[in-house]
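Position 1 is the first residue of the sequence, and the numbers go up from there.
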Amino acid sequence: MLQRIQTVWIFLAVLGAVFLNLTAQDFDIFGGNLTINISTVLLIVIGLLSLFSFKNRKRQILLNNISIIINALLVGLLTYWLLNLSGGIQFPEKGIEPIFSLISIICLLLANVYIRKDERLVKSVDRLR
């Protein structure tokens with residue numbers, strides 16, 4: 001059932017993690033480049049697992065919630081980094097990194113809404129049998 005709407009939202013969240021990995025190469029705090037790379041790869045793997053576990057909706061919601069928590073931690077870390085970053089010509093894309101995590105959080109929340117809606121639909125059909 002890869003044609004469901006929640007699959008699109010999860011895929012957009014995975015794309016957000018990919019773009020975060022591509023744009024956060026100049027991240028440098030607490031050895032941050034390694035931290036960002038590991039967390040974005042983890043987000044991509046969890047997102048793909050969630051994407052292809054469409055038969056188990058509870059696991060899909062759990063994986064999405066884990067991704068939301070990781071993304072929220074990344075937003076906090078990236079915001080802290082941006083507040084300590086001096087502006088200028090060297091960093092023309094200052095401020096774009098947390099946006100990808102926020103987009104991923106919104107997409108995952110919307111995916112969870114539609115997954116729960118499917119779960120309620122399946123339970124209501126089971127009651128009719």
Less than 3.5 Å apart, which donor and acceptor atoms pair up between the side chains of residues 9-17 and the rest of the protein, not counting sequence neighbours?
none

task = Would you mind listing every salt bridge (Lys or Arg N to Asp or Glu O under 4.0 Å) that reaches into residues 5-19, with sequence neighbours excluded?
result =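 Found none.
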message = Between N65 and N112, does the side chain to side chain contact (heavy atoms under 4.5 Å, CB included) criterion hold? Intermediate values first, please.
response = CA-CA 8 Å; N65 288 337; N112 280 347; 3.0 Å; yes
key: Main-chain N/O of I36 paired to S39 side chain as donor or acceptor, under 3.5 Å   =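 Yes.
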From [atom1] ([X]) to [atom2] ([Y]), nearest 0.5 Å:
{"X": "D118", "Y": "Q6", "atom1": "CG", "atom2": "CD", "result": "4.5 Å"}
{"X": "E97", "Y": "T23", "atom1": "CD", "atom2": "OG1", "result": "4.5 Å"}
{"X": "I69", "Y": "L74", "atom1": "CD1", "atom2": "CG", "result": "12.5 Å"}
{"X": "F100", "Y": "L43", "atom1": "CZ", "atom2": "CG", "result": "14.0 Å"}
{"X": "I5", "Y": "K117", "atom1": "CD1", "atom2": "NZ", "result": "10.0 Å"}
{"X": "S104", "Y": "I99", "atom1": "OG", "atom2": "CD1", "result": "12.0 Å"}

message = Run the side chain to side chain contact (heavy atoms under 4.5 Å, CB included) test against I46 and tell me which residues pass, sequence neighbours left out.
response =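 Side chain to side chain contact (heavy atoms under 4.5 Å, CB included) list for I46, sorted by chain: L42, L63, I66, S67, I70.
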inquiry  = Restricting to side chain to side chain contact (heavy atoms under 4.5 Å, CB included), what partner residues turn up for L109, sequence neighbours left out?
reply    = I68, I105
Is there a path of hydrophobic side-chain contacts, each under 4.5 Å between heavy atoms, that joins [X] and [Y]?
{"X": "F19", "Y": "V45", "result": "yes"}
{"X": "I115", "Y": "V113", "result": "no"}
{"X": "L73", "Y": "L108", "result": "no"}

ask   = So which pairs with a foot in residues 41-50 pass side chain to side chain donor-acceptor pair (under 3.5 Å), sequence neighbours left out?
value =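 Passing the test, one end in residues 41-50: S50-N64.
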request  = Would you check, one step at a time, whether the test side chain to side chain contact (heavy atoms under 4.5 Å, CB included) holds for V125 with V122?
outcome  = CA-CA 5 Å; V125 169; V122 167; 5.8 Å; no
query = Can you name the residues that form a salt bridge (charged side-chain N to carboxylate O under 4.0 Å, His left out) with R57, not counting sequence neighbours?
reply = E119
inquiry  = Any non-hydrogen side-chain atom of R4 less than 4.5 Å from a side-chain atom of F54?
reply    =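 Answer yes - side chains close enough.
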